[in-house]
Peer 1: 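Before we start, here is the structure in question, set down as structure tokens.
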Amino acid sequence: MASRVSLKSKGKSSVGKVSKGMDDKSTTQCLKEWSNWALKKAKVITHYGFIPLVIIIGMNSEPKPQLYQLLAPV
Amino acid sequence: MAGMVPPGTAVLGEASAAASAKNINEVGKKVDYMNLPCPIPYEELHREALMSLKPEFFEGMRFDFTKGLNQKFSLSHSVFMGPMELPSQSAETIKIPTAHYEFGANFIDPKLMLFGRVLTDGRLNARVKCDLTEDLTLKANAQLTNEPHMSHAMFNFDYKGKDYRTQLQLGNGALFGASYIQSVTPHLSLGGEVFWAGQHRKSGLGYAVRYETDKMVATGQVASTGMVALSYVQKVSEKVSLATDFMYNYMSRDVTASVGYDYILRQARLRGKIDSNGCAAAFLEERLNMGLNFILSAELDHKKKDYKFGFGLTVG
């Protein structure tokens, strides 16, 4: 029990994964940590992937534009 | 029965019948509360006043090039060179000369709209608007930066009813907001909003009223954060609109009033305003050719002794 408590307290200070406990306190904690991690990953994905996503959706819309039109200035 | 009535009274009777029929028609038009028009969204309450009094003033040089690849998809390249103002607490304005290039991609569909802009320093400005069903719309707005804790995102769910609109807002930093606006008569709509900001531990309530006819729009908004905002826009003719705006904060006793005009001409659009803070500003957009627009912006702040002039060109 003592080792589990100390593991939990380490988990509270670090942002990484936490060992799943048996009682309610650590499931909500776990949920918070996972949702934080998911939000951080979602932010990075959106930051790098939003403009490529728009370009992919646009290049696949009708009438399909050609690739050179994407890069050429005119 | 009609034959028994003498002819003189018959004519009078017809006239009065016609007059009362007209009255009933007018009253009938007024009383048609079941068919009121849908009001404008709550955040666009001051739309006309904002369009006339707050164009995007800038300082420096701006060049925007939009290239359409097809009807729905377009890319944009934008260059800006000029001093950027840093928000400072003191009375002095601090300006830093910057230059940046912004690349953007837009996809506009009746059901889905994607708008993305990325700057050379890595900042992304993204907007998404998606019609999930006929009446429900999802809007998302995000400003993402590489610096930690400086990114913002906001999600809105809008539901459009027959003569009302509701909106639910969720933002990062535990920001929750909800608003409701309802058409009460064909010209008048009333609305209210409530928001809660978890990070700053603030919550607020606000009410809004909007009265519009073909010729004028008058709006008023009160919020428990201490803000009172009134605006009035009069459409003097097809080409000319005059607008006035009054903002008062009863907590900090801050008052700003401004008066402006908006001339929409065939080849140009000129907007000018003067403020009670001693700030006079003007914004001109002139159409030189098909797709080529020349922009001039001037903002003279006599109180702070800050004079800003900008020019630019927009292609496409």
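Proteins come first, then strands; the chains are lettered A, B, ... in the order of their sequence lines, and each starts at number 1. Remember, predicted model here, so these are calculated numbers, not experimental data.
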Peer 1: Take a 6.0 Å sphere around CZ of B:R269 and say whether it holds more than 12 heavy atoms from other residues, nucleotides or ligands.
Peer 2: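 Count over threshold, so yes.
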Peer 1: Most heavy-atom pairs under 4.5 angstrom with chain A, which of B:D109, B:I108, B:L144, B:V128?
Peer 2: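 Of B:D109, B:I108, B:L144, B:V128, B:L144 has the most heavy-atom pairs under 4.5 Å with chain A.
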Peer 1: Please state whether the side chain, the backbone, both or neither of B:L75 comes within less than 4.5 Å of a heavy atom of chain A.
Peer 2: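 It is the side chain, since no backbone atom gets that close.
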Peer 1: Determine the option with the most heavy-atom pairs under 4.5 angstrom with chain B, choosing from A:L53, A:L70, A:T46.
Peer 2: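 So the answer, after comparing A:L53, A:L70, A:T46, is A:L70.
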Peer 1: Evaluate the side-chain contact (heavy atoms from CB on, under 4.5 Å) criterion for residues A:I55 and B:F73: first the C-alpha distance (whole Å), next the side-chain angles of each, then the deciding distance (0.1 Å), finally the verdict.
Peer 2: CA-CA 8 Å; A:I55 291 178; B:F73 180 51; 4.2 Å; yes
Peer 1: Okay, side chain of B:K72, backbone of A:P63: is any donor-acceptor separation there less than 3.5 Å?
Peer 2: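 The answer is no, because no donor-acceptor pair under 3.5 Å joins these two groups.
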Peer 1: Run the side-chain contact (heavy atoms from CB on, under 4.5 Å) check on A:F50 and B:V118 step by step: do they pass?
Peer 2: CA-CA 10 Å; A:F50 188 74; B:V118 66; over 6 Å; no
Peer 1: Between B:N146 and A:H47, does the side-chain contact (heavy atoms from CB on, under 4.5 Å) criterion hold? Intermediate values first, please.
Peer 2: CA-CA 9 Å; B:N146 279 327; A:H47 201 164; 3.3 Å; yes
Peer 1: Enter the distance from A:I57:CD1 to B:L112:CG here, rounded to the nearest 0.5 Å.
Peer 2: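 Those atoms lie 6.0 Å apart.
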Peer 1: So does B:Q267 have more than 12 non-hydrogen atoms from other groups sitting under 6.0 Å from CD?
Peer 2: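 Yes, enclosed.
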Peer 1: Taking atom CZ of B:R123 as the centre, does the number of heavy atoms from other residues, nucleotides or ligands within less than 6.0 Å exceed 12?
Peer 2: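 Atom CZ in B:R123 is not packed in, count stays at 12 or less.
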Peer 1: Side chain, backbone, both or neither: which part of B:F115 has an atom under 4.5 Å from a heavy atom of chain A?
Peer 2: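 For B:F115, backbone heavy atoms alone lie under 4.5 Å from chain A.
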Peer 1: Determine whether more than 12 heavy atoms belonging to other residues, nucleotides or ligands lie under 6.0 Å from atom CD of B:Q71.
Peer 2: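 At most 12 heavy atoms, drawn from other residues, nucleotides or ligands, come within 6.0 Å of this atom.
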Peer 1: Go through B:A105, B:G104, B:A142, B:A153 and name the one with the most non-hydrogen pairs under 4.5 angstrom from chain A.
Peer 2: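 Ranked by heavy-atom pairs under 4.5 Å with chain A, first place is B:A105.
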Peer 1: Within a radius of less than 6.0 Å around NZ of B:K95, do more than 12 heavy atoms belonging to other residues, nucleotides or ligands occur?
Peer 2: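 Enclosed.
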Peer 1: Check each atom of B:S74 against the heavy atoms of chain A and say whether the ones under 4.5 Å are side chain, backbone, both or neither.
Peer 2: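 Neither part, no heavy atoms under 4.5 Å.
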Peer 1: Do you know the tightest heavy-atom contact between B:N70 and A:S61?
Peer 2: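 Shortest heavy-atom contact: ND2-OG, 3.2 Å.
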Peer 1: Count the heavy atoms of every other residue, nucleotide or ligand shown that sit under 6.0 Å from CZ of B:F309, and state whether that count exceeds 12.
Peer 2: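 More than 12 within 6.0 Å, yes.
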Peer 1: Would you find more than 12 non-hydrogen atoms of other residues, nucleotides or ligands less than 6.0 Å from B:M81 atom CE?
Peer 2: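 Open: at most 12 neighbouring heavy atoms sit under 6.0 Å from CE of B:M81.
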Peer 1: Where on B:N106 is there a heavy atom nearer than 4.5 Å to chain A: the side chain, the backbone, both, or neither?
Peer 2: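 Looking at B:N106, just its backbone touches chain A.
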